[in-house]
There are 2 protein chains.
Amino acid sequence: MARQVIGSAEVAEKLAVAIHEHRLPPGTKLNEDEVGEIFGVSRTVVRAGLQQLAHQHLVDLKRNRGAFVAKPSVREAREVFEARSLVEPTTARSAARRAGPAEIARLRAHIEAEHAALAEGDDGRALYLSGTFHNEVARIANQETIAEFIAQLVSRSSLIIALYWERRAALCESHAHDALIGAMERGDADEAEALMKSHLLDLYTSLDLRDAPAQPKTLKEALSG
Amino acid sequence: MARQVIGSAEVAEKLAVAIHEHRLPPGTKLNEDEVGEIFGVSRTVVRAGLQQLAHQHLVDLKRNRGAFVAKPSVREAREVFEARSLVEPTTARSAARRAGPAEIARLRAHIEAEHAALAEGDDGRALYLSGTFHNEVARIANQETIAEFIAQLVSRSSLIIALYWERRAALCESHAHDALIGAMERGDADEAEALMKSHLLDLYTSLDLRDAPAQPKTLKEALSG
DNA sequence: TGGACAAGATTCGTATACAATCCGGAGGCC
DNA sequence: GGCCTCCGGATTGTATACGAATCTTGTCCA
């Protein structure tokens, strides 16, 4: 394959997608030389990409130790979903008011892709797409600043799911997204807001946030690392 | 003076404060060699710091052109204040519920410092402190994730003020912050939320967001650069 | 057998070198 | 006189080099 010119943004993006799709589990060491080798760039650009991901809380940068895929604590998990509950319902309301046929179509295509991925057994990709669905909704609300924040929260949610999700089978059988599109199509802002709110609550309550994975046993560490 | 060891985080922080205090106006070119010279570090660490600031939207990184202090558009200005209005009132409510005597004292000390700076004629510092006051409130709410988002919005607000503020004299004579502390001290969450909401609206409406500085005349550009 | 220590190997942090790109002005042409 | 072109200087983008910190592993001793 032809060697493509790649910058730090592309490196960060590819790593972010891999993390989001659970191909890089929390705690994974991201060796600079290794990553550079894979993408055909020097450590300089790899480091820039890793720093970008660190700012998004997707990786942990430990001085003189290297970069690791982040492992959100229980506390952080709660915070992320609190933040989402604060911001996303209002955003969904705003999106419902602004959505035209083109936007609705795009959302439906998005869900279509998600279903297709699920059918192929590519759970990781399906999870990724079900996350970015929220990004699309935020984009429709036409508030770039908040959309960016939501995108970060969605990414972090993916890490939280990797750590604290219990019943992965029931992944996205829920038709919450379909219902939301319906409300948006009807321009029913109240309903859209309510649906988003309950959808997030639903996600949150299906996590097992009792305690453990925050301080993983060093033994477990060794086995998984 | 002893040469202190400084990393990219410190560089970013010092530049951020300078921007926040309006010592580096929007559009200012941040030459890598020059900044490195000032802090006694190589371009490598300067670049890392600049990238961090770019992620916070405090500087604009233009490929092959360099780093410039950001010039938020009118649209961006609106978005930032919309986001703040969405997030900060709820945060103030939460802070009011959690604030104990220690927190109240810290806030009062903060305001004290702001008044002192104003008395010394250091308007930039006063502006900086009046901004970070909001960060302190967010910290009391004990929601790190949202607090970080607010901190970014506050920084960007400082740039917006630099570009679109009209009556700078009336800077912070308003006693909105004092009133907020009062409500928090009484544990009056409703009042704290309402005060924060009106305070932000007040700020927003005192901006002149009619149009211009978004697409600055190239002539003006040349004069200011 | 188990733990503590030390030397080697690995990996990160920072500085520097070199190539690519952009800006500005001199000169020429219309 | 105005505009275009081209070249020199300056600045950024990327790779590499080297010192510093950390991790590994093998050995010694209790």
Side-chain angles (χ1 to χ4, degrees), chain A residues 2-15 24 26-55 57-71 216-225, chain B residues 2-15 24 26-55 57-71 216-225:
Chain A
R3 168 72 27 116
Q4 181 185 350
V5 177
I6 267 186
S8 64
E10 285 81 5
V11 171
E13 176 64 18
K14 281 179 188 292
L15 287 174
L24 288 173
T28 307
K29 172 85 188 282
L30 299 174
N31 182 288
E32 296 180 355
D33 281 320
E34 202 170 338
V35 175
E37 185 89 15
I38 290 168
F39 293 114
V41 294
S42 78
R43 280 178 54 216
T44 307
V45 22
V46 173
R47 281 176 70 82
L50 290 175
Q51 284 178 334
Q52 178 176 332
L53 294 176
H55 292 139
H57 299 278
L58 288 187
V59 314
D60 237 32
L61 250 40
K62 305 188 184 181
R63 173 149 186 117
N64 284 321
R65 306 260 330 256
F68 302 81
V69 178
K71 302 170 88 165
K217 321 280 190 288
T218 40
L219 174 67
K220 180 85 176 300
E221 276 275 58
L223 288 173
S224 69
Chain B
R3 169 66 33 112
Q4 182 184 349
V5 177
I6 267 187
S8 64
E10 285 81 5
V11 171
E13 175 64 18
K14 281 178 188 291
L15 287 174
L24 288 173
T28 306
K29 171 82 185 285
L30 298 174
N31 182 288
E32 295 180 356
D33 281 320
E34 204 171 338
V35 175
E37 184 88 18
I38 291 168
F39 292 113
V41 294
S42 79
R43 280 178 53 217
T44 306
V45 21
V46 172
R47 281 176 73 83
L50 290 175
Q51 283 177 334
Q52 177 176 334
L53 294 176
H55 292 140
H57 299 279
L58 288 187
V59 315
D60 238 32
L61 249 39
K62 306 188 183 179
R63 173 149 186 117
N64 285 320
R65 307 263 329 260
F68 302 82
V69 178
K71 300 171 88 166
K217 322 279 189 288
T218 40
L219 174 67
K220 181 86 176 298
E221 275 276 60
L223 288 173
S224 69

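Naming: A, B, ... by sequence-line order, numbering from 1 per chain.
Here CG of A:L50 is found 11.0 Å from CG of A:L58. Values are rounded to the nearest 0.5 Å. The distance from atom NZ of B:K29 to atom CG of B:D60, rounded to the nearest 0.5 Å, is 13.0 Å.
Atom C1' of nucleotide C:dC23 and atom NZ of B:K62 are separated by 14 Å, given to the nearest angstrom. Rounded to an integer number of Å, the gap from A:R47 CZ to D:dA15 P is 14 Å. Residue B:D33 contributes atom CG, which lies 12 Å from atom P of D:dA10 at whole-angstrom precision. Rounding to whole angstrom units, CD of residue A:E37 and P of C:dT11 are separated by 12 Å. Regarding A:F39, its CZ atom lies at a distance of 15 Å from the P atom of D:dT14, rounded to whole Å. B:L30 places its CG atom 14 Å from the C1' atom of D:dT11, with the value rounded to the nearest Å. In this structure, A:E32 places its CD atom 15 Å from P of D:dT22, rounding to the nearest Å. If you take CZ of B:F68 and P of D:dT11, they are 12 Å apart, rounded to a whole angstrom.
Of the residues near DNA chain C, B:R63 and B:S8, the one whose nearest nucleotide (by heavy atom distance) lies more toward the 5' end is B:S8. In this structure, A:V45 and B:N31 both approach DNA chain D, and ranking their closest nucleotides by distance from the 5' end singles out B:N31.
Side-chain proximity of A:N64 to D:dT22, D:dT12, C:dT14: nearest is D:dT22. Among C:dA15, D:dA15, D:dT12, the nucleotide with an atom closest to any side-chain atom of B:S42 is C:dA15. Taking every side-chain heavy atom of A:R43 into account, C:dT14 is the closest of C:dT14, C:dC23, D:dA21. Listed candidates were D:dT22, D:dT11, C:dT21. Nearest to the side chain of B:K29 is D:dT11. You'll find that the side chain of A:R65 is closest to D:dC23, out of C:dA15, D:dT12, D:dC23.
Taking 4.5 Å as the limit, every side-chain heavy atom of B:L15 sits out of range of all side-chain heavy atoms of B:V59.
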- [ ] Please lay out, stage by stage, how B:Q52 and A:Q51 fare under the test side-chain contact (heavy atoms from CB on, under 4.5 Å).
- [x] CA-CA 8 Å; B:Q52 177 176 334; A:Q51 284 178 334; over 6 Å; no
TODO: Applying side-chain contact (heavy atoms from CB on, under 4.5 Å), run through A:K14 and A:I38 and close with a yes or a no.
DONE: CA-CA 11 Å; A:K14 281 179 188 292; A:I38 290 168; over 6 Å; no
